[in-house]
Every structure is written in C-alpha cells, then in structure tokens.
Amino acid sequence: MTLIAITAAHSFFIHRGEPGTEPILIKALNKHGNKSIGEAFLNCGNIKLEEAARSWAFFNGFTIIQNYRADFPRWGSHR
C-alpha cells in the first residue's frame, strides 16, 4: 500500500488501532499530511501519533487544536 493510500485511509487505520502501525502512519503524515489529518492524529488517543502530529504541525507552520470531538477517529475504537 502506498503512503498516499495510507494517508487517505488514515481514519480507518486509527479506528483499527493495530499496534505497530504507528510508524507507517507517521511516515504518511509527514509525506502527505494536511491540517485535518494532523488534528485527527492529535486527537486520536495514541500518544505516538499525538506527538508526531505536534512535531509535524510545528515544522510545517500549522496550528492544530487538541479537542476530543466525537467526529475524530479514536485509536482502536473499531477492533
């Protein structure tokens, strides 16, 4: 699967919450991310993805907000 496909399906992967998938999700964010994906990572409940989102936003000049809204995917919520 390509990084573009992983980026497009980020919500699916967050909902699945498979341990060990964080590195490829972070790689996809860094390569093809945008503000909404950064906020999804920041608010998903996975500390690795939250930290990656903060770093990505800082280095790309975005302000992203931590706000656990119901519409953000939650890590492992669809196992």
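Sequential numbering from 1 along the given sequence is applied to the chain's residues. This structure is a prediction, so every number in the text was calculated from the model and none was measured.
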Going by the rule ring pair (Phe, Tyr, Trp, His ring centres under 6.0 Å), which residues pair with F62 if we only count those two or more places apart in sequence or in a different chain?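 With neighbours one apart ignored, the set is W56.
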
Under the ring pair (Phe, Tyr, Trp, His ring centres under 6.0 Å) test, which residues partner H32, sequence neighbours left out?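 Expected list: none.
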
Looking at [atom1] of [X] and [atom2] of [Y], how far apart are the two atoms once the value is rounded to the nearest 0.5 Å?
X	Y	atom1	atom2	answer
N34	I37	CG	CD1	4.0 Å
M1	I24	CE	CD1	10.0 Å
L25	I14	CG	CD1	6.5 Å

Once you measure the plane-to-plane angle for H10 and F41, does it fall in the parallel (<30°), tilted (30-60°) or perpendicular (>60°) bin?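 Judged by the thresholds at 30° and 60°, the geometry between H10 and F41 is tilted.
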
Please collect all salt bridge (charged side-chain N to carboxylate O under 4.0 Å, His left out) contacts where either partner lies in residues 50-59, sequence neighbours excluded, each pair once. none

Please list all pairs meeting salt bridge (charged side-chain N to carboxylate O under 4.0 Å, His left out) that have one or both residues in residues 2-13, counting only residues at least two apart or in different chains.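 As it turns out, there is no salt bridge (charged side-chain N to carboxylate O under 4.0 Å, His left out) pair with a partner in residues 2-13 once direct neighbours are skipped.
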
To check you understand the geometry: which heavy-atom pair defines the closest contact between [X] and [Y], and what is its length?
X	Y	result
P19	W75	N-CZ2, 4.5 Å
G38	I64	O-CD1, 3.8 Å
A28	I6	CB-CG2, 3.8 Å
N43	N67	OD1-N, 2.5 Å
G45	R74	N-NH1, 3.5 Å
E22	N46	OE2-ND2, 3.0 Å

Results of side chain to side chain donor-acceptor pair (under 3.5 Å) for S55 - residues two or more places apart only: none

With sequence neighbours left out, write down each residue that passes salt bridge (Lys or Arg N to Asp or Glu O under 4.0 Å) with E18, or none if nothing qualifies. R16

Verify same cluster id: L3, F12 (apolar side-chain graph, 4.5 Å): yes

Sub-4.5 Å side-chain heavy-atom contact between K31 and T7: no

